[in-house]
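Here is the structure we will look at.
Residue numbers start from 1 in every chain, and the chains themselves are labelled A, B, ... in the order their sequence lines are given, proteins ahead of strands.
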Number of protein chains: 2
Amino acid sequence: MALLNLKPIHKDRTLRANVAEQLKEAIINGDLPPGTKLVESQLSSLLGVSRGPLREAIRQLVDQGLIESVPYTGTHVANITVKGIQELYSFRTELEQFAFKLIWDRRDAGFRNALTSQLDKLTKAIKDNDREAAIFEELELHSLCYNYSGHELLQDTWQRLRGKLHLYFTLHQKAHNRAGPLVNAHDTYVELALGNDLNAMLDHINDHMQQGYRKVEKLVADIESH
Amino acid sequence: MALLNLKPIHKDRTLRANVAEQLKEAIINGDLPPGTKLVESQLSSLLGVSRGPLREAIRQLVDQGLIESVPYTGTHVANITVKGIQELYSFRTELEQFAFKLIWDRRDAGFRNALTSQLDKLTKAIKDNDREAAIFEELELHSLCYNYSGHELLQDTWQRLRGKLHLYFTLHQKAHNRAGPLVNAHDTYVELALGNDLNAMLDHINDHMQQGYRKVEKLVADIESH
DNA sequence: TATTGTAGGATTGTTGACAATCATACAGTT
DNA sequence: AACTGTATGATTGTCAACAATCCTACAATA
């Protein structure tokens with residue numbers, strides 16, 4: 001048995017999974033803006049899929065907070081609220097601090113390499129002015145930290161939040177038509193993440209999140225007042 | 001308009017919701033032990049419901065980690081692992097500390113009354129040797145704290161965990177056939193929660209969780225080795 | 001005019017039949 | 001004997017038709 005490097009099979013080629021993925025993409029990309037009514041019959045014919053798997057996909061996104069649904073009445077893309085953003089950022093702060101407390105003594109060469117290489121990707125995307133990619137790479141950078149924690153429950157929770165966060169980033173970028181992540185915003189983040197002062201890192205996470213929050217805060221106020 | 005005290009209508013009398021509730025109950029009560037195969041056709045005829053809503057209910061519980069499912073092959077009640085319990089308790093510690101940081105300056109008479117009254121219910125259930133009730137009331141005590149935080153994202157996350165926690169409690173109680181929560185385990189908890197030393201409370205949450213973890217730890221080792 | 005009652009249409013919820021996929025057992029091959 | 005291929009049965013995935021519910025608009029009533 002001398003075979004290796006086989007990527008784990010993605011054993012989920014159910015329609016449900018495909019539909020969920022595609023819907024999520026559409027919401028996150030801003031193609032389906034918050035508040036958009038989602039009518040099952042329309043969507044199903046649009047996707048070339050019957051309503052069964054579509055409903056299951058929708059329910060999956062409801063659990064992720066990207067879609068809201070009231071029995072017998074309707075389904076729509078989740079709206080954005082100031083409270084929602086505040087909660088997301090405050091919660092993220094706690095999660096990421098927890099992640100780093102877990103990671104701290106497990107950081108090895110693999111982690112260091114992955115992190116710096118990911119920072120490079122992010123920096124490159126920003127310099128290329130590829131905003132979509134920049135958003136993605138920023139989220140990947142944080143995902144990396146969660147993954148190295150080895151804490152599945154934590155990872156799942158992060159994944160659940162990631163979609164909404166991505167949406168906020170996209171909306172902010174579209175509204176202000178300016179670059180997403182700042183060029184140097186993550187330099188000190190990575191620097192501290194590779195350093196030897198845990199408390200400094202935890203403090204920085206606080207700052208990092210508050211910075212991020214302020215960036216999208218105004219956006220929401222605009223949207224909320226229609 | 002002089003009418004009040006109307007309980008908010010529970011507008012979810014869909015079959016999906018009923019089935020999900022009933023399935024969750026059965027799992028949590030231990031009627032469907034971990035590893036039990038769940039066959040859709042059997043369950044649907046057993047519940048007198050077609051497979052559509054049943055599948056949606058199952059998917060809901062999959063998202064809560066109570067059920068595991070592999071496409072085209074099968075579905076079964078989630079198994080218990082040492083890692084799973086460790087993660088649940090370490091994660092809970094962070095969540096509950098976060099909750100109390102949020103609550104701390106919002107604690108009012110209503111909160112104090114609710115908390116002490118809930119402690120009374122718990123104590124009574126223990127004294128009456130009603131173990132099922134004791135488990136429920138203990139979870140309610142913690143839920144109260146999460147609810148008073150006003151943080152919906154935190155509440156949702158807690159609710160997702162609560163099911164699995166409930167299951168652990170039930171299994172532990174059935175395996176060792178001893179009382180669930182100890183009589184005085186929550187006295188200092190409530191005492192500190194009503195006091196004026198936040199750090200003491202946060203430290204106590206750590207202890208409280210580790211105590212709880214050790215209690216169910218052995219159970220898992222037994223189960224894991226079949 | 002403000003409130004209540006009542007069709008009508010649209011949308012979600014539910015169902016039972018059909019198709020795709022998988023695990024098992026067993027026969028065939030080397 | 002170990003491995004490979006193949007049929008079989010069971011189970012999940014998918015579909016299209018039917019039923020239940022809700023929102024809207026409009027008429028009726030006071």
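As a whole-Å value, the separation of B/Leu15 CG from C/dG16 P is 11 Å. Atom pair A/His76:NE2 and D/dC23:P shows a separation of 12 Å (rounding to whole Å applied). Between the P atom of C/dT15 and the CD atom of B/Glu56 lies a distance of 11 Å, rounded to the nearest Å. Going from atom CD of B/Glu68 over to atom P of D/dT12 covers 15 Å, rounded to whole Å. Here the P atom of nucleotide D/dG13 and the CD atom of A/Gln60 are 12 Å apart, to the nearest Å.
Residue B/Arg16 places at least one side-chain N or O closer than 4.0 Å to OP1 or OP2 of C/dG13. Between D/dT12 and B/Arg55, no contact under 4.0 Å exists linking OP1 or OP2 to a side-chain N or O.
Residues forming a side chain to side chain donor-acceptor pair (under 3.5 Å) with A/Asp128 (at least two apart in sequence, or on another chain): A/Lys124.
Which of D/dC22, D/dC15, C/dC22 sits closest to the side chain of B/Tyr72 comes down to C/dC22. Checking D/dT14, D/dT12, C/dG13 against the side-chain heavy atoms of B/Thr75 singles out D/dT12 as nearest.
Across B/Phe98, B/Tyr146, B/Phe100, a single residue satisfies ring-ring contact (aromatic ring centres under 6.0 Å, His included) together with B/His151, and that is B/Phe98.
Salt-bridge check for B/Glu137 with B/Lys121: failed, with every basic side-chain N at 4.0 Å or more from each acidic carboxylate O. Salt-bridge annotation for B/Glu40 and B/Arg51: present, with a side-chain N of the basic residue lying under 4.0 Å from a carboxylate O of the acidic one. For the pair A/Glu140 and A/Arg162, the salt-bridge criterion is met [side-chain N within less than 4.0 Å of a carboxylate O].
Across all strands shown, B/Pro53 has heavy atoms under 4.0 Å from base atoms, whether or not it also approaches the sugar-phosphate.
For the residue pair A/Gln64 and A/Lys164, no side-chain donor N or O sits within less than 3.5 Å of a side-chain acceptor on the partner.
Listed by residue number, A/Leu38, A/Val39, A/Glu40, A/Arg51 are the residues of residues 36-52 of chain A with a heavy-atom contact under 4.0 Å to DNA chain C.
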